[in-house]
Amino acid sequence: MSNYIVLVKQVPDVSQITDNAFDPETGTLVRSRLASVINELDAQALAFANKMRQDSGSTLSTTLKTGVLTAGGDKAGSTALTAGGKIIALSMGPPMAEEVLRYSLSRSADIVILLTDRALGGADTVATANPLALAIRKIVKEIFKEDNDYYVITGMQSVDGDTAQVPAQIAEELNLPCIAYVTDAEFKSNRFEFTRIISGGSQIVTAKKLPAVITVAKYEYPLFATFSRTRWANKSFDPAQDGTQVVRWTASDINATHIGVTGSKTSVIRVFPPGKSTRKCQQISDAESLAKILVESFKTCGELVESSGNGQTGKNGQAQAPQYVLPNKRASLFNRSFEGTKKEREDYEILSEKLKKLGITKTNQIDDAAKEKILEAAGEHFHKKALEDMIEGFKLTKPSFEGEVWVVAEHSDGVIHPSTFELQGRARELADSLETKVGVAIAGFNIEAMSKELIAAGADNIYIIEDKLLEVFDPTAHRKAIADAISTYWPQIVLYAATPQGRMLAPMVSYRVSCGLTADCTGLDIRDSSRKGDIGLLLQTRPALGGNVMATIRTKNSRSQMATARPGVMKRIPPDPSRKGKIIRHKVKLTEDDVNLEIIKTELGTGEVNFNADVIVSGGKGMQSRDNYEQLLSLLCDAMSKRLDTQVERGASRAAVEQGFIERVHQVGQTGTSIGPKLYVALGISGAIQHMIGVANTETIVAINSDPNAPIFKQCDYYIVGTVEDIVPKLVKELESR
Ligand SMILES: Cc1cc2nc3c(=O)[nH]c(=O)nc-3n(C[C@H](O)[C@H](O)[C@H](O)COP(=O)(O)OP(=O)(O)OC[C@H]3O[C@@H](n4cnc5c(N)ncnc54)[C@H](O)[C@@H]3O)c2cc1C
């Protein structure tokens with residue numbers, strides 16, 4: 001009879017952002033001005049754990065054993081601490097995070113634990129996963145009495161961090177299997193089989209051993225608080241009552257090894273507002289005008305592509321910073337134009353100008369008298385210690401990290417995932433400016449044939465880790481293989497694709513080799529922090545708080561700098577089949593015990609689709625039914641094809657595929673296909689990040705949605721508010737009438 005530990009987090013409510021939540025000076029979102037709520041996916045995880053408990057019959061057993069109806073029943077009460085089938089909600093946060101525990105207790109938790117301590121604040125994912133993992137160990141020892149029949153259930157990610165790293169890192173610390181992106185669980189033959197999202201489809205898997213960590217990506221059956229449970233929850237938090245259901249621990253109770261700012265392996269160096277989307281976001285009032293726009297946009301598309309200059313600056317608005325040059329390759333050692341922050345850059349500009357005025361061209365000419373003059377002239381810009389540090393910084397020329405720039409390849413059935421080539425494109429630029437090589441680490445079975453393509457795409461060295469046990473992606477086995485290669489060759493940078501697979505593997509590998517990791521980056525640049533003694537650092541820029549702010553992050557206390565990067569943002573370089581590269585075979589000892597998951601069934605898209613078509617029309621869940629999808633898409637695709645004299649292909653959101661509106665091969669997005677047509681028409685699609693990632697390179701995006709606040713309207717060029725049933729037939733009529 002399994003027990004459940006559900007991780008719940010209090011987060012800012014990013015769904016209710018008002019204008020006064022932004023700092024008028026910096027334009028960034030001020031977190032403290034937002035209301036606090038339970039992270040939605042953690043609330044779903046709580047409901048998921050409750051469903052698992054009910055499906056496996058644990059509630060009944062608990063009831064029989066303890067004589068009281070607990071969670072899942074309508075009468076609340078305490079559970080004997082040694083009985084199975086318990087749900088324990090665990091949260092790490094400030095004292096006010098008690099609210100999410102009250103929420104948990106009033107829904108389904110039997111015991112709630114708050115890990116709260118000032119020393120735990122300011123943590124990155126490593127310094128969050130570590131104390132949570134140690135708290136789990138304490139729960140197992142003291143509450144489960146070393147009974148290892150338990151699951152750790154948690155939301156796939158939190159809306160403030162959006163990293164999805166913590167659960168995988170907890171699994172790594174505790175040496176447990178981790179099943180990520182789960183959407184369903186079925187209790188069969190005395191074990192749970194989990195349905196999870198994978199690239200290109202879905203999969204049913206089970207953990208070969210317990211305990212296991214499960215991350216929930218979607219479970220939309222919320223739990224509601226009953227009157228009796230709410231009263232019981234409130235009573236439990238009443239200091240006058242001796243409630244054993246509420247437990248509070250501090251850092252010293254759990255003996256964590258990495259906590260707070262000091263235990264973190266990354267640090268945020270800059271937070272700034274996201275750049276304005278280059279999309280027009282223009283509302284169109286009627287079908288007639290929209291028909292004209294569709295025709296016009298299609299006609300002028302080619303011109304736009306040429307005049308935009310393409311390069312790294314795409315429709316996704318990712319402006320590319322100037323290419324980094326090592327200090328000893330610059331015209332002067334006093335040139336510090338590649339400092340990581342604006343302040344550092346400005347200070348060095350002032351200093352260089354003063355040195356020029358004093359006629360100083362070498363660092364050994366900067367004597368005490370010169371320093372006095374500089375300080376006098378610089379006024380309040382910097383003080384003596386800062387000046388000393390900056391002068392020391394001039395002496396630095398070698399990068400702080402050593403080694404190659406690596407990409408961890410993702411592949412399936414002998415086909416390399418497009419995101420691997422995109423990462424190689426950026427890795428090539430980073431390696432060239434750091435004057436090092438690009439390495440690609442690839443783990444699997446019968447994989448050598450892919451080396452040619454990887455070399456043509458910019459790699460110098462291919463590190464092949466081959467084993468029959470690596471034939472299918474198993475997070476633990478692949479983690480062991482990649483971590484072993486990294487800790488043998490120590491590349492200075494390791495990049496993974498922010499695909500479901502990459503976002504699972506990267507946190508496990510980075511935790512294993514004790515390195516920092518930044519999730520889902522949209523910008524990767526090399527910069528210096530000369531005055532702090534660092535040259536050639538990888539600055540990792542990513543959206544946070546649901547895309548409402550951008551953060552630039554650097555790695556610290558690590559031998560390698562690691563990041564996952566969002567697919568569709570970096571550009572692959574044109575393949576050059578004449579490129580030469582070296583193949584290095586790396587042997588790792590693997591046994592059956594390293595494979596933690598049993599794959600029961602994999603469902604991938606089959607069939608033909610031409611996503612190279614110039615126009616793609618996609619339908620989402622808003623199409624309501626398979627018939628509606630079929631009828632309205634047929635009408636619109638035919639009319640557009642005739643009017644524009646081009647092939648028009650059908651696409652779909654993941655939700656539409658899951659509703660059975662069309663085959664999976666038509667799915668667009670992070671776990672479907674990334675496309676870049678001239679024209680993309682989205683019908684009844686909300687604009688979730690996982691969908692929009694897949695259309696980032698589209699020239700013109702048009703959306704039809706009945707919700708005036710649909711997020712897609714902020715990410716498209718033209719939109720019309722209305723139902724597809726109303727607008728599509730009118731649009732077809734207009735297209736046919738010209
Ligand atoms: C790991 C992971 C990977 C994922 N990968 C992908 C992926 O590759 N691709 C993908 O698409 N999603 C993916 N998703 C799912 C994604 O998060 C969203 O759930 C999904 O994109 C939503 O699809 P949708 O917009 O069709 O549905 P919904 O979000 O439900 O939106 C339906 C929209 O239709 C509108 N609507 C309703 N009725 C009408 C009507 N009559 N006329 C007009 N509009 C109407 C509504 O206003 C709403 O905006 C992934 C999720 C995870 C966790």
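All ligand and atom numbering here is 1-based and tracks the order in the structure.
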Any residue meeting side-chain hydrogen bond (donor to acceptor under 3.5 Å, both in side chains) with Thr476, in chain and number order, not counting sequence neighbours: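 side-chain hydrogen bond (donor to acceptor under 3.5 Å, both in side chains) list for Thr476, sorted by chain: Asn596.
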Hydrogens and angles aside, do Arg542 and Thr518 bring a side-chain donor and acceptor to less than 3.5 Å of each other?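 Result is no, nothing qualifies.
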Name the residues with a heavy atom less than 4.0 Å from ligand 1?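 Protein residues near ligand 1 are Met156, Tyr181, Ile197, Ala217, Gly620, Lys621, Gly622, Gln624, Ser653, Arg654, Ala655, Gln667, Val668, Gly669, Gln670, Thr671, Gly672, Gly684, Ile685, Ser686, Ala688, Gln690, His691, Asn705, Ser706, Asp707, Gly722, Thr723, Val724, Glu725.
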List the residues meeting side chain to side chain contact (heavy atoms under 4.5 Å, CB included) with Leu210, not counting sequence neighbours, and say none if there are none.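 In terms of side chain to side chain contact (heavy atoms under 4.5 Å, CB included), with neighbours along the sequence ignored, Leu210 is linked to Ser2, Asp149, Tyr151, Ala212.
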salt_bridge(Arg650, Glu630) N-O dist < 4.0 Å: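 Judged by the 4.0 Å cut-off on N to carboxylate O distance, Arg650 and Glu630 do form a salt bridge.
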Name every donor-acceptor pair, under 3.5 Å, that has one atom in a side chain of residues 37-47 and the other anywhere in the protein, sequence neighbours excluded.
residue, atom, partner, partner atom, Å
Asn39, OD1, Val159, N, 3.1
Asn39, ND2, Asp42, OD1, 3.3
Asn39, ND2, Asp42, OD2, 3.4
Asn39, ND2, Gln157, O, 3.0
Glu40, OE2, Gln44, NE2, 2.9
Asp42, OD1, Gly155, N, 3.1
Asp42, OD2, Lys9, N, 2.9
Gln44, OE1, Tyr219, N, 2.7

Shortest non-hydrogen contact between Arg279 and Thr698, atoms and distance: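 Distance-wise, the nearest heavy atoms are NH2-O, 2.9 Å.
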